[in-house]
Amino acid sequence: MNVLHLDTNHPLLLEQLAALGFNNDTDYTSSKEEVEAKIKDYDGLIIRSRIKIDAQFLRAATNLKFIGRVGAGLENIDMDVAKEQGIKLYNAPEGNRNAVGEHALGMLLSLFNHLNRSDKEVRSGLWQREENRGLELEGKTVGIIGYGNMGKAFSKKLKGFDVDVLCYDIVGGVGDENARQVGILEFKKRVDVVSIHTPQTPETLGMINKEFIDSFDRPFWFINTARGKSVVTEDLVAALKSGKVLGAGLDVLEYEKSSFENLFTDEMPAAMNYLIEADNVLLTPHVAGWTIESKEKLAQTIVDKIRADFS
């Protein structure tokens, strides 16, 4: 079987697939159109996010049997057409869930203790202790929206902080020893922190908006290590200004391109300018699942899934 790799990944992917008898080709630079012209020659495709695998692309892939996406989300693939054509889809949320859980916890602790702001102040010669008095996690209620691989990893990291963890998910029966599943009304009534861990789907696009934020009983802290387009940034900024959102840790942004490599082609949006200047906002460049360890785990997860079906 011939496999085409469109993005660089951990070398074990190429090595282990070769050991399984696959023929590997790499193409890290060709355009979508150029790849589409030759995809009929391949049985397998390994991607991250460089090229959108749409219906036109898939219909040109007449021999494709599987696509391995070295990451968690599958939103860059037309899953309906892939299913129609009998193409197996593999992703790897198991590979970077621990990294995402740690990153979300790190963001929350940093916001509660003003670590980013106070570091900048000390470096500039300011020694403001009272102004940087922090909050403790103990006794708070943390709410997790989306209780799959990532949400469960975050709740596991919260164990030992003496917090009450609630989870909300459209799928029933997902709660466990680390989080109690509740309905959305109880969720909005009780939480001090909201952390989202949902995939990008039509239902999650723009779900964190003014109406959603205003429906909470009290102000809350907000963490997003999932997908940027789940948040209406202008509405989040308005809530930060009003105090309904006390602070935000954002690893992902509404303005990201689908490749996750660059943000802006035109003038920077006013809402983004606010986030950059706000001292109660922590920003990272979509790296929550981007660790030395997760690079290997993601690749190994994809290999293991392909091996199970095609070895």
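Here the structure is a predicted model, which means the values were calculated and not measured.
Qualifying side chain to side chain contact (heavy atoms under 4.5 Å, CB included) partners for Asp80, counting only residues two or more places apart in sequence or in other chains: Asp78. With sequence neighbours excluded, the residues that form a side chain to side chain donor-acceptor pair (under 3.5 Å) with Glu130 are Arg133. In this view, Asp25 and Tyr42 satisfy the side chain to side chain donor-acceptor pair (under 3.5 Å) rule, not counting sequence neighbours. Residues satisfying the side chain to side chain donor-acceptor pair (under 3.5 Å) test with Asp304, not counting sequence neighbours, are Gln300, Arg307. In this view, Ala37 satisfies the side chain to side chain contact (heavy atoms under 4.5 Å, CB included) rule with no residue, not counting sequence neighbours. Asp41 pairs by the side chain to side chain contact (heavy atoms under 4.5 Å, CB included) definition with Lys38, not counting sequence neighbours. Glu34 meets the side chain to side chain contact (heavy atoms under 4.5 Å, CB included) test with Ser30, Ser31; sequence neighbours excluded. Residues satisfying the ring-ring contact (aromatic ring centres under 6.0 Å, His included) test with Phe220, not counting sequence neighbours, are Phe216. Every residue two or more places apart in sequence or in another chain was checked for a ring-ring contact (aromatic ring centres under 6.0 Å, His included) with Phe22, and none qualifies. Scanning for side chain to side chain donor-acceptor pair (under 3.5 Å) contacts around Ser294 gives Thr291, with sequence neighbours left out.
We find that Asp164 and Lys140 are not joined by a salt bridge, their nearest charged nitrogen and carboxylate oxygen being 4.0 Å or further apart.
To the nearest 0.5 Å, atoms CG (Leu275) and OH (Tyr255) are separated by 7.0 Å.
Environment of CD in Glu186: crowded, with over 12 heavy atoms of neighbouring residues, nucleotides or ligands closer than 6.0 Å.
Side chain to side chain, Asn2 and Asn23 meet the donor-acceptor criterion of an N or O pair below 3.5 Å.
Under the 30°/60° scheme for interplanar angles, the aromatic rings of Phe310 and Tyr90 are found to stand perpendicular.
Hydrophobic cluster of Tyr28: the remaining members, joined at side-chain heavy-atom separations below 4.5 Å, are Leu14, listed by chain and number.
Here salt bridge (charged side-chain N to carboxylate O under 4.0 Å, His left out) pairs that include residues 272-292, with residues two or more places apart or in two chains, are Arg117-Asp279.
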